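Notes to accompany the following structure.
All values reported here derive from a predicted model rather than from experimental measurement.
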There are 2 protein chains.
Amino acid sequence: MSKQKNDEEKTYSISELASQLEISPRTIRFYEEKGLMSPNRTPGNQRIYTRKDRGRLKLILRGKRFGFSLDEIAEMIGISEADMNEIDQIEKSLHYGEKKLGEIRRRREELDLLEQDLLEIRDKLLKRLHTLTE
Amino acid sequence: MSKQKNDEEKTYSISELASQLEISPRTIRFYEEKGLMSPNRTPGNQRIYTRKDRGRLKLILRGKRFGFSLDEIAEMIGISEADMNEIDQIEKSLHYGEKKLGEIRRRREELDLLEQDLLEIRDKLLKRLHTLTE
DNA sequence: GTTATAGTTGACGTTAACGTAAAGGATAAG
DNA sequence: CTTATCCTTTACGTTAACGTCAACTATAAC
């Protein structure tokens, strides 16, 4: 009924994924504890991560690099798993999404400011260097 | 000898500054403990913050919003207070600055990716909403 | 001067985000 | 089948970044 391709999608073990993304396996398990992801298991109960899981994890790490807490990230992810049959739910998620998109745009402006701060410091250093070396 | 303007530069008390930047006084004192700033004091030992101190504080908060730790921020700030007589020091600071500028550019790319993630989620929700409401 | 308000320095408490170690089960290699 | 290398859960430890008193001092308003 659904687009069930072939079964040979690339998967990863926890430590593979961890070393790829330069984090520890414990960190990945921790995110799972927090409800940020829930990978499938082998018959022997070991975690297997699909390409999609990998994308999810990268999204989490990205959020972290912008100072979002895991709880906030959980919220962002949550909206992508909202009940797709409840119109109210979808609209609420949309609203939340717009809010976050706004935040991201503001972050971009702040990033510019941060860059300017560093550029100014650099200029100051460069000028001083020139007066010292000439 | 130096450009000593008039003395009436705008200053702030700790709680003024705190409410302006929407943080607690304790947070400001904590940053001082960590060596991130050192405001002047009144004769009665109370902190007075200049416009420059305020800028410094905003820089700190900006760094935080991009996931930098206080230690990293301290390093960034540190380079702006390097010994301006040691050529080696200045060059080292410059090098560090370039590194951080590179990081910022990479952050910008990541910000784009994060935005795309959210845009995709939004599209999914919008489409679903259309099929439900038509 | 008195009183209210805000500031000061400790010092201990709290929370998020993991690190680390123990005890045991799963899997791949030989 | 054995052995080495992974994986599992459980549980306690750690660190950064503050929060929250407490006891005291400064400053502003009256």
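Listed by residue number, there are no residues of residues 48-76 of chain B with a heavy-atom contact under 4.0 Å to DNA chain C. Annotation: proximity of residues 25-42 of chain B to DNA chain D (heavy atom, distance under 4.0 Å) is found for B:Arg26, B:Thr27, B:Phe30, B:Tyr31, B:Thr42, numbered in ascending order.
Legend: salt bridge (charged side-chain N to carboxylate O under 4.0 Å, His left out) pairs involving residues 73-84 of chain B, not counting sequence neighbours, sorted by first then second residue: B:Arg56-B:Glu81.
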Per-pair distances, 0.1 Å, donor-acceptor, side chain in residues 21-30 of chain A, under 3.5 Å, sequence neighbours excluded:
residue	atom	partner	partner atom	Å
A:Ser24	OG	A:Arg26	N	3.4
A:Ser24	OG	A:Thr27	N	3.0
A:Ser24	OG	A:Thr27	OG1	2.9
A:Arg26	NH1	A:Glu33	OE2	3.2

Acceptor/donor pairs from residues 66-74 of chain A side chains to any protein atom, 3.5 angstrom cut, sequence neighbours excluded:
residue	atom	partner	partner atom	Å
A:Ser69	OG	A:Asp71	N	3.4
A:Ser69	OG	A:Glu72	N	3.2
A:Glu72	OE1	A:Ser69	N	2.9

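Side-chain atoms of B:Arg62 and B:Lys58, non-hydrogen and from C-beta on, do get closer than 4.5 Å to each other. Between B:Ile14 and B:Gln46, the closest side-chain pair of non-hydrogen atoms is not below 4.5 Å. A 4.5 Å side-chain heavy-atom check between A:Glu9 and A:Lys52 finds every atom pair outside the cut-off.
Scanning DNA chain D 5' to 3' for nucleotides with an atom closer than 4.0 angstrom to a non-hydrogen atom of chain A gives a first and last hit of D:dC6 to D:dT9.
Under a 4.0 Å N-O distance rule, the pair B:Arg106/B:Glu103 does not qualify as a salt bridge.
Grouping the Ile, Leu, Val, Met, Phe, Trp and Tyr side chains by contacts below 4.5 angstrom, directly or via other members, places A:Ile60 apart from B:Leu113. A:Leu36 and A:Ile48 are assigned to two separate hydrophobic clusters, defined by single-linkage of ILVMFWY side chains at heavy-atom distances under 4.5 Å.
One finds the CG atom of A:Leu126 at 6.0 Å from the CZ atom of A:Arg122 (value rounded to the nearest 0.5 Å).
Of the side-chain N and O atoms in B:Ser13, none sit less than 4.0 angstrom from OP1 or OP2 of C:dA6.
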